[in-house]
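Contents: one structure, followed by commentary.
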2 protein chains.
Amino acid sequence: MPQQKSSNSLRRITSHEVALRAGVSQSTVSRVFSGDERLSEATRERVLGIARDLGYKPNAIARSLITRRTKIIGLVASYMTNPFFPVVLQAFTQRLHELGWRVLLFTAGTSEDVDELLPEVLAYQVDGLIIVTASLSSQMTREVLQRGTPVVLFNRYAPGSGASAVSCANYEGGRLVAEVLLDAGHKRLAYITGRADTSTNVDRQRGFLERLAERKSHCKIELGNFTYAGGFDAALRLLKSKKRPDAIFCANDITALGALDAARKLGVRVPDELSVIGFDDIPMAQWTAYDLTTVRQPVEEMIEASVELLLERVNNINLGSVLKFLPGTLVRRGSARLQP
Amino acid sequence: MPQQKSSNSLRRITSHEVALRAGVSQSTVSRVFSGDERLSEATRERVLGIARDLGYKPNAIARSLITRRTKIIGLVASYMTNPFFPVVLQAFTQRLHELGWRVLLFTAGTSEDVDELLPEVLAYQVDGLIIVTASLSSQMTREVLQRGTPVVLFNRYAPGSGASAVSCANYEGGRLVAEVLLDAGHKRLAYITGRADTSTNVDRQRGFLERLAERKSHCKIELGNFTYAGGFDAALRLLKSKKRPDAIFCANDITALGALDAARKLGVRVPDELSVIGFDDIPMAQWTAYDLTTVRQPVEEMIEASVELLLERVNNINLGSVLKFLPGTLVRRGSARLQP
DNA sequence: TTACTCTGTGCATACGTTTGCATGATTATG
DNA sequence: CATAATCATGCAAACGTATGCACAGAGTAA
């Protein structure tokens, strides 16, 4: 209805038009663009030439309708406030592009929204789904999977749900931090949590606590929520308490930066009086003001693995789900004293 | 070809199926979902019921093909390393969603890539384009526009190109900073640039310099590139020079944070010995370690304006292009001495 | 010559919707 | 009671592409 306004040269160029100009059938034009082998060099070039002149590009929508493949991956992300995710987002779109896929982006404020969002995504017949830092209800996971759309959870996992997942080895990361802090002779330890309902937080905390317990140590726990402000406030509480900790492990980097700023505000010297260790290795961790010692997530490898896992399953629906955990590595910087 | 693997319940549910089960025609089902008025309550409810049972949702691809509207907006972004953009990205997707649009995301490493990226975007028949912090060749702009796809540039502008644009009033922002720094009695001023080929940098710099000139002042210019490292290095050079500046205006916040860390490293006290002012007001500007005085871009309003401008033109191709500049406001924090 | 294989191209159909038009049923009007 | 008007629904033709099948012509082999 709205199009009828004297659309002079505004009509879209279709394969029919190109065919007409080139004196071939529409099929032939289609074959040129879908890379069919058996076509004479002559016609191929003629068609390509005319297409270029007319500015023709195959309509991906029409193509998707018939091939039943959109070449679109739905990407659902939440918690974009954490500087870790822009990096991830960028890497995902970049990588998928290289492989010839497009990204339909959805941002969910809270995890609960994801379930409501998904039907919208699916209406666009995306060939696969990547869910970053959010989880689906098992109900929704089931629906999506039996529809034949593979799902990969990034930075989360849900065993038994049927969805594949890629995550950092958070449990082992937690253990590692416990190890190096104890080795360095720290006595009064603390952990600032992330959001309690995330596997990321749970695993890091469990790894940390379990290794502490194994070595007959323990720690104080203070609530954060994966944010700068959360880390700041939690650290303030810890540092003002009577038995002030000499080392704090934070659920992620952004929390750790908050903690460092709390120490700065109170005049607590880092790392002499206090060691702080984070988790992620976001770009700011290297900044002079922080110089944060942290556990680096192997983002590149995680992205690569996610994409691979997903596309494998796009091509073969019958592949089962896989959980993949990649090891993090300790990046030693100035915010923690790690020598005895 | 790949689909033929014993896909039992894996067949997609179409309006035909729903129609069959409901004992109505496919047209009727379609009418139910496109909100046609004249339909008996009885059939509407029966169809909706069956659709719910079967998990039917109209295929957006097929719908797009016939309506010639995809309800998809292409969003091309670059320089995701600047923390300003995740915020922008999040806001855009959020807002567009609320209005019933989807976002196809493309990230361009450098501006030059955008031209190569666009044909891919257009193949998906996006109804409109938002280009964040990147520009198009005038050639490409012309092609896109005459194709009937409206374009809005965000944080850039290109007068005469036919593309609409929304940007902060960078020139006035630059003037404002000059004003307050001179008012406070600063004598030795400096400007750390962003990338020279961006209107953002050019305008901020021009505004700053022109106001200085008007008040018979001038400043030293040091090259940055809109990054933390760029700001850090540039500030280092400035602060080590014989006539060390007593105030630095940085092309954006991330540059300013780098500059502050350079000062921290050299032991230059802020704001007593040095004032630093940025531009953007990214989340980190509030962090205790920086407490950055800066010119805030009215992001919310800019997003809102961009979306409005774009959707207006999606609905009416004949509307001309508009350049919109929204004023920034000075946010006074601790990194600058602004009293004489 | 006949028969047969290849190669390159066209014909026609399908993908899952929307929508103008036609039609039968129902209600209002004279 | 006849006719007109209204309502709810069905029919069929698009949208722009991909692709199985048919087929013409060229080449090869007998």
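Small disclaimer: the values here were computed from a predicted structure and weren't measured. Note on naming: letters A, B, ... go to the chains in the order of the sequence lines (proteins, then strands), and numbering restarts at 1 for each one.
With hydrogens and angles left out, the side chain of Glu37(B) and the base of dA8(D) share no donor-acceptor pair within 3.5 Å. In this model, a side-chain donor or acceptor of Arg31(B) finds a partner on the base of dG10(D) within 3.5 Å. For dA8(D), the base has no donor-acceptor partner in the side chain of Thr28(B) [N/O atoms by modelled type, under 3.5 angstrom]. A donor-acceptor contact under 3.5 angstrom links the side-chain atoms of Ser27(A) to the base of dT19(D).
Ser25(B) has a side-chain polar atom (N or O) that falls below the 4.0 Å cut-off from OP1 or OP2 of dG10(D). The side chain of Thr14(B) contributes no N or O atom lying less than 4.0 Å from OP1 or OP2 of dC15(C). Phosphate proximity of dG16(D) to Arg68(B): present, with a side-chain N or O under 4.0 Å from OP1 or OP2. For the pair Ser30(B) and dT18(C), the criterion of a side-chain N or O lying under 4.0 Å from OP1 or OP2 is met. Within the 4.0 Å cut-off from OP1 or OP2 of dT9(D), at least one side-chain nitrogen or oxygen of Ser40(B) is found. At the phosphate of dG16(D), neither OP1 nor OP2 sits under 4.0 Å from any side-chain N or O atom of Tyr124(B).
No side-chain donor-acceptor contact under 3.5 Å links Gln125(A) and Thr70(A). Using modelled atom types, one finds a donor on one side chain and an acceptor on the other under 3.5 Å when comparing Thr200(B) with Arg156(B).
Note on Val29(A): nothing from the nucleic acid sits closer than 4.0 angstrom, heavy atoms only. Using a 4.0 Å heavy-atom cutoff across all strands shown, Ser64(A) reaches no nucleic acid atom at all. Arg63(B) comes within 4.0 angstrom of the backbone, heavy atoms only, and of no base.
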Worked verdict on Arg12(A) versus Glu17(A) for salt bridge (charged side-chain N to carboxylate O under 4.0 Å, His left out): CA-CA 9 Å; Arg12(A) 311 185 179 196; Glu17(A) 309 235 13; over 6 Å; no
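Across Trp101(B) and Ile72(B), no two heavy atoms sit closer than the pair CE3-N, 4.0 Å.
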